[in-house]
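Chain naming here is simple, since letters A, B, ... match the order of the sequence lines and numbering starts at 1 in each. Note that this is a predicted model, so its numbers are computed, not measured.
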Protein chains: 2
Amino acid sequence: MRPNQPSLTPAGEVKRAQPPTLRDVAEAAGVHAATASRALNPSTRRLVSAETARRVIKAAKTLGYQPNPIARSLKTAKSSTVGLVIPDLTNPLFPPIVRGIEDVLEAEGFSAWIVNTDNDPERERVRIDSLRSRQVEGLIIATARVEHPFLEALHEQGVKMVLVNRRVENLEVPCVTADDATGIALAVRHLAELGHRRIAHLAGPHSTSTGVVRSRAFRHAIRDHGLEDDPSLIVECAHWNEADGAAAMRELLDRDDRFTAVVAGNDLIALGCYDVFAERGISCPDEMSVVGFNDMPFIDKLRPPLTTVAVPHHDIGAEAARMLLDCIEEPDRRPRSLLLPVTMVVRDSTTRPRPLPSA
Amino acid sequence: MRPNQPSLTPAGEVKRAQPPTLRDVAEAAGVHAATASRALNPSTRRLVSAETARRVIKAAKTLGYQPNPIARSLKTAKSSTVGLVIPDLTNPLFPPIVRGIEDVLEAEGFSAWIVNTDNDPERERVRIDSLRSRQVEGLIIATARVEHPFLEALHEQGVKMVLVNRRVENLEVPCVTADDATGIALAVRHLAELGHRRIAHLAGPHSTSTGVVRSRAFRHAIRDHGLEDDPSLIVECAHWNEADGAAAMRELLDRDDRFTAVVAGNDLIALGCYDVFAERGISCPDEMSVVGFNDMPFIDKLRPPLTTVAVPHHDIGAEAARMLLDCIEEPDRRPRSLLLPVTMVVRDSTTRPRPLPSA
DNA sequence: CTGGCCATCGCAATCGTTTGCGGTTAAATC
DNA sequence: GATTTAACCGCAAACGATTGCGATGGCCAG
């Protein structure tokens, strides 16, 4: 691919000229390539006279010169590139985060390689290795588990990274997440205010920090509101998806049907609940209230529209990217952690509990 | 970011060694860097003796050598990189396509830069320019419009590209799309078989090939089945989204409420219909049947679950990537076009028409 | 008038690979 | 045993940019 205009050779046939190089620009401006380089780079421009700088810049413009980022990277050992490690782009949670990331990256002249791990640790290792061999300057990781030796190893090796949505224990790296704890607190308060007293929780996997934070916050909130604090009302889903959400819901219903509301670990798990409701003819919200987490796109189109806690995905991505850029610029700054505020969005999947059957 | 192990300097403090270079490998194997290069590259390996090849490979392995793709790119003028131009990653249509693309790309050692244009031609120009300055070897384009001078210009300049989901008139470049025409035919047949005689079509924008192909196919199918062929039953949406779908639906209902079914240009437009049904208290499918197009993720979770025609998004992406790689390998092959088969998936948004009020 | 300083710019090395070319060696031919 | 031939490998020049260092020249101060 030749990013420049075709030109005519003397013989007349169309020939694609090579893109102009820095040398060409220098020659056109009557200076040495080194001078041209300095003139074009704002931070070194003070090393050349204003007059020659003007000439060089003009020449660059008329030639349509575009610096070759590959040559530049080779020399400077900077690739202006970061890696973005997510489980699966197909999960609607991630596209908004990705866009947030790319919005700030590209404003700084960076860009991102995206890799999907499908939650497979081995795939993750391979993908990250390939990212590193492509000389990325840092990593944004959305696949962190509570115990994650591989990430620890990377950190030991000085790989710059920031975590999104997840934390890992004993790992001193910056991370940006939603304020899960207050999100869950809001959800429980909403249900309590509606009059629910016996509330279940379909927790996310405890291998992820989000899973443990949310389920801990759930227990706290239950106690704070003086609701029924029954450990058997909490069941852990194996993964953050519909199938495992549905499985957990079935398990719960099979052993106890006296709860009137459920706080799902996230929207997908809530979707699993919907499936079970359809299976068993349970009407939501009349017989069972559900609140999700994340406010995924299109989750408001469900029947009933899902009450959930909205997470600023775009901001999460943007802040993560900014943080990574900060780390790259000043390598030994203390890692900060960012907790982004969430909001409760009440829709139609929650309502007052129906009075228990007066049996 | 240093992709290798930290090591100890004589002084004892931790120092991150430089990643091993080809020179290091060569030295370790007791050969020249050129020889090492040939030994490591399968296609030039026959130029060195089996024995030295073995030594070099072994040395590379023990040193953990990873070729520097930047240096290689500089020398070979190949970046092993393609650009992927989509309107908006947040549209659930695209993530599966992207994954399909990346699956085949990465098997060939390529990777993709993704850019979002938000359907803004100017943004598109800027993004594509930036892609080209990053030396991509080709482009996969999902934002094509029927008239698209910019793409024509790129093609003139010899930029390799393949179109997904869209075609552009008078542009001889390969493209891979779903078989829109038979998809629409299937939808219409489905409705006809249910007994619908007066069917509306909310067409996608005619600035996109998909919009014109689908609406033309709709008219043909209507005639083929001998249904009511009323041009006023076709209205064009300004964009492929819910808002414009809803607007078109309102317009349609305001001037004619005697149709009993609607073929939406795609699932998002169908979603817009759902919104209008809710506004106006129209019950779907009892009073109005709807069929969408694409079978977006989660569209089966709607109430009612949407009848739609399923498109093999992952395959579309995969085939497009393969095609682009083919173009890159043998530049002057004739552009082929691929039409991928679609399937009808019947859910609950379509049923027999209710007998007209016996007024 | 001379010495020193500063601004400006060119020289050349460098980043890590790839590759055309030429040189060395050993095997094959007569 | 001399010569052709092939196999193997090293030399060095790229690719296109950046950058330390040194050269040049002008200017000012002593």
**OP:** State whether a side-chain donor-acceptor pair under 3.5 Å links B:Thr143 with B:Glu124.
**Re:** yes

**OP:** Round to a whole Å and report the spacing from CD1 of A:Ile70 to P of D:dA17.
**Re:** 11 Å

**OP:** Figure out the CZ/P separation between B:Arg38 and C:dG22, and round it to whole Å.
**Re:** 14 Å

Subject >> Salt-bridge criterion met for B:Asp129 and B:Arg125 (N-O under 4.0 Å) >> reply: yes

**OP:** Just call it for B:Arg46: base, sugar-phosphate, or nothing, with non-hydrogen atoms closer than 4.0 Å on any strand.
**Re:** sugar-phosphate

Original post:
Taking the side chain of B:Lys75 as its heavy atoms from C-beta onward, which of D:dA14, D:dG10, C:dC15 lies nearest to it?
Top reply: D:dA14

Original post:
Base, sugar-phosphate, or nothing for A:Pro69, non-hydrogen atoms under 4.0 angstrom?
Top reply: nothing

Subject >> 5' precedence on DNA chain C between B:Arg72 and A:Ala34 (nearest-nucleotide basis) >> reply: A:Ala34

Original post:
Between B:Ala53 and B:Ala71, who's closer to the 5' end of DNA chain D by nearest nucleotide?
Top reply: B:Ala53

Original post:
Would one find a side-chain N or O of A:Thr21 under 4.0 angstrom from OP1 or OP2 of D:dA17?
Top reply: yes

**OP:** Using distance alone, with no hydrogens and no angle criterion, decide if A:Gln157 and A:Arg132 have a side-chain donor and acceptor under 3.5 Å apart.
**Re:** yes

**OP:** Can you tell me the distance, in whole Å, between the CD atom of A:Glu51 and the P atom of C:dT8?
**Re:** 12 Å

Original post:
Do you see a donor-acceptor pair shorter than 3.5 Å between the side chains of A:Arg134 and B:Ser111?
Top reply: yes

**OP:** Whole angstrom is fine here: how far is it from CG in A:Leu47 over to C1' in C:dC6?
**Re:** 12 Å

Subject >> Listed nucleotide nearest any side-chain atom of B:His32, set D:dC11, C:dT18, C:dG10 >> reply: D:dC11

Original post:
Nearest-Å distance, CZ (A:Arg23) to C1' (C:dG10)?
Top reply: 12 Å

Original post:
Of all the choices, D:dG10, D:dA14, C:dC15, which nucleotide is nearest to the side chain of B:Val31 once you look at every atom?
Top reply: D:dG10

Original post:
Quick one: B:Arg45 CZ to D:dA7 P, roughly how many Å, whole number?
Top reply: 18 Å

Subject >> Phosphate OP1/OP2 of D:dT18 contacted by A:Ser37 side-chain N/O (<4.0 Å) >> reply: yes

**OP:** Select base, sugar-phosphate, or nothing to describe what B:Thr52 touches, counting heavy atoms under 4.0 Å on all strands.
**Re:** sugar-phosphate

Subject >> N or O in side chain of A:Ser49 less than 4.0 angstrom from C:dC9 OP1/OP2 >> reply: yes

**OP:** For B:Thr76, answer base if it contacts any base atom (sugar-phosphate contacts may also be present), sugar-phosphate if it contacts only those atoms, and nothing otherwise; contact means non-hydrogen atoms under 4.0 Å.
**Re:** sugar-phosphate

Original post:
Roughly, in whole Å, what's the span from CG in B:Asn41 to P in C:dT17?
Top reply: 13 Å

Subject >> Nearest-Å distance for atom pair CG/P, residues B:Leu74 and D:dT18 >> reply: 12 Å

Original post:
Going by atom types only, do A:Ser130 and A:Ser133 share a side-chain donor-acceptor pair under 3.5 Å?
Top reply: no

